[in-house]
Amino acid sequence: MTPEDQEETQPLLGPPGGSAPLSRRVFLAAFAAALGPLTFGFALGYSSPAIPSLRRAAAQALRLDDAAASWFGAIVTLGAAAGGVLGGWLVDRAGRKLSLLLCTLPFVVGFAVITAAQNVWMLLGGRLLTGVACGIASLVAPVYISEIAYPAVRGLLGSCVQLMVVTGILLAYLAGWVLEWRWLAVLGCVPASFMLLLMCYMPETPRFLLTQHKRQEAMAAMQFLWGSEQTWEEPPVGAEHQGFRLAQLRLPSIYKPFIIGVSLMAFQQLSGINAVMFYAETIFEEAKFKESSLASVIVGIIQVLFTAMAALIMDKAGRRLLLTLSGVIMVFSTSAFGAYFKLTQGGPSNSSHVDLSTPISMEPTSASVGLAWLAVGSMCLFIAGFAVGWGPIPWLLMSEIFPLHVKGLATGVCVLTNWFMAFLVTKEFSSVMEVLRPYGAFWLASAFCIFSVLFTLSCVPETKGKTLEQITAHFEGR
């Protein structure tokens, strides 16, 4: 390694001598940014309690039929895909902090439009706006947090993005028990408004300030976040303006993280998480739960608990180990799901539809209930496995692996991939079920989980304990 290479691999930011930062305000800044993902989770979970209420709406203009209800749930993913592209543009031009501040606007306006809705089109318009905000928040929040965190806690703070998402979903489920859809939308404005207030007092990320050659502002930001002035190397002049060119795809530091980031997002959605969530309530009904509506809350609690556990051990266990463990758990649980649907399919039939409320005709009802309890166990195991690895880690790695000068575009493509795949899987899942039958669909998800494990072991680097500059140097082969 040449002296010039050694200089280039020095971190832009790092505690002097490896010492621990003196201030804990970095946690406050991370919490302020994570209120965006909390609102994002609330927006995702909002449709679950709101749709049944809107189906019974007294006003005919607001009543949702099957088609409108489907779009009410799915249009958020289309808005989020557009928001991901917009967020990728904003994050490099407006900065990380201002992008977070701007994403509060479509959140608040979207929920306000839903609150004041007089017809279905206003409901869909409000959902589309909240979807755009979800896309921006899902991109900018991980980037902001990864750039303000020091290596020892970057995994913990980065995983809190997914933790806040699942917490927001759970809050929407719980609030939906006591609030009707208009007041539930009013509640959705609260975390976004709180985020707007808090982020006004938080600094821009020091790394972004350094790329703008604002050294004094970067020093002040580090003093605020870490409680001491850190050592850094000034980035090359013009590095922040070089942007992205197609010729750069030949560089290992660009194409390697690009392939990894896009693949992680695709595998996350192909794992079967949407299919499992789709069948959650039906599975609980088969297990003879008196309150099958509790299924969503139970699933939400499992997600929160295991995502929190993943956040606590992320910087000790590492990303690769948790991704691999998570993938293996999902392989076994989706395979068990497929076996459950195969065994409860009943006799031969030309129909590809499986009525889960009808027990298998050749077995006693108690045996069918017991089999359903196995499905409940498989479902809970799958959700726990997903929450430990493939839920939070793709978002965390997305914020870690890209060089600063292409981060906006690259993370935008990753977020677009994630939301487009979420939309595609959600809309086409029924068609896959018709062609492959339910057991075939879950076994297909199991195959994707196997591929995700192999991909993790062969391609995904360990980023635990490394600075963002060291991660970039790894892809460059230095």
Side-chain angles (χ1 to χ4, degrees), residues 26 28-44 76-77 79-110 129-149 154 157-165 168 191-209 211-212 221 225 240 244 257 261 265 392 394-419 468:
V26 63
L28 177 61
F31 172 75
L35 288 173
L38 179 70
T39 315
F40 153 29
F42 191 92
L44 290 183
V76 170
T77 59
V85 175
L86 177 60
W89 182 83
L90 276 175
V91 76
D92 280 339
R93 286 159 181 79
R96 283 59 161 150
K97 175 184 174 178
L98 184 55
S99 297
L100 284 172
L101 289 171
L102 289 175
C103 87
T104 62
L105 184 62
F107 268 135
V108 173
V109 173
L129 281 173
T130 57
V132 170
C134 288
I136 298 173
S138 65
L139 183 150
V140 183
V143 171
Y144 180 87
I145 292 172
S146 72
E147 291 188 4
I148 65 171
R154 196 175 61 242
L157 296 181
S159 299
C160 285
V161 171
Q162 180 70 8
L163 177 60
M164 293 296 263
V165 171
S193 301
F194 193 36
M195 173 188 171
L196 178 62
L197 292 174
L198 272 181
M199 281 304 300
C200 286
Y201 298 97
M202 298 299 117
E204 178 57 89
T205 72
R207 281 182 173 84
F208 180 77
L209 291 171
T211 63
Q212 304 299 305
L225 292 166
E240 74 281 7
F244 172 78
M265 292 303 182
W395 298 103
L396 173 61
L397 285 173
M398 177 196 75
S399 68
E400 293 180 322
I401 60 179
F402 294 112
L404 280 172
H405 67 279
V406 298
K407 184 166 283 189
L409 175 66
T411 53
V413 172
C414 288
V415 171
L416 176 63
T417 300
N418 187 282
W419 286 107
L468 300 183

What distance separates [X] [atom1] from [Y] [atom2], expressed to the nearest 0.5 Å?
X    : Y    : atom1 : atom2 : result
L397 : M265 : CG    : CE    : 9.0 Å
L157 : F31  : CG    : CZ    : 12.5 Å
L139 : M398 : CG    : CE    : 5.0 Å
M164 : F40  : CE    : CZ    : 12.5 Å
E204 : S99  : CD    : OG    : 8.0 Å

Side chain to side chain contact (heavy atoms under 4.5 Å, CB included) assessment of F107 paired with C134:
CA-CA 8 Å; F107 268 135; C134 288; 3.9 Å; yes
Could you pull out the closest heavy-atom pair between [X] and [Y], with the gap in Å?
X    : Y    : result
I148 : V26  : O-CG2, 3.4 Å
L225 : P206 : CD1-CD, 4.0 Å
L198 : A32  : CB-CB, 3.8 Å
A33  : A141 : O-CB, 3.8 Å
A133 : C103 : CB-O, 3.5 Å
W419 : L44  : CH2-CD2, 4.0 Å

Considering the options L129, V132, T130, which one meets the side chain to side chain contact (heavy atoms under 4.5 Å, CB included) requirement together with V109?
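That would be L129; it is the only one of L129, V132, T130 passing the side chain to side chain contact (heavy atoms under 4.5 Å, CB included) with V109.
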Going by the side chain to side chain contact (heavy atoms under 4.5 Å, CB included) test, name the single residue among V165, V415, T411, V143 that passes it with W395.
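Checked V165, V415, T411, V143 against W395; only one passes side chain to side chain contact (heavy atoms under 4.5 Å, CB included): V415.
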Evaluate side chain to side chain contact (heavy atoms under 4.5 Å, CB included) for L468 paired with R154, printing each intermediate quantity in order.
CA-CA 10 Å; L468 300 183; R154 196 175 61 242; 3.8 Å; yes
Quick one, [X] and [Y] - any side-chain contact, counting heavy atoms below 4.5 Å?
X    : Y    : result
K407 : V91  : no
V140 : L90  : no
V108 : S193 : yes
M195 : L38  : no

Derivation of the side chain to side chain contact (heavy atoms under 4.5 Å, CB included) call for L396 and V161:
CA-CA 8 Å; L396 173 61; V161 171; over 6 Å; no
Using side chain to side chain contact (heavy atoms under 4.5 Å, CB included), reason through Y201 and L28 one step at a time and then give a plain yes or no.
CA-CA 10 Å; Y201 298 97; L28 177 61; over 6 Å; no
Check whether K97 reaches the backbone of T205 with its side chain - one donor and one acceptor, N or O, closer than 3.5 Å.
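Side chain of K97 to backbone of T205: no pair is present.
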Does T39 reach the main-chain N or O of L35 with its side chain, forming a donor-acceptor pair under 3.5 Å?
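It does hold such a pair.
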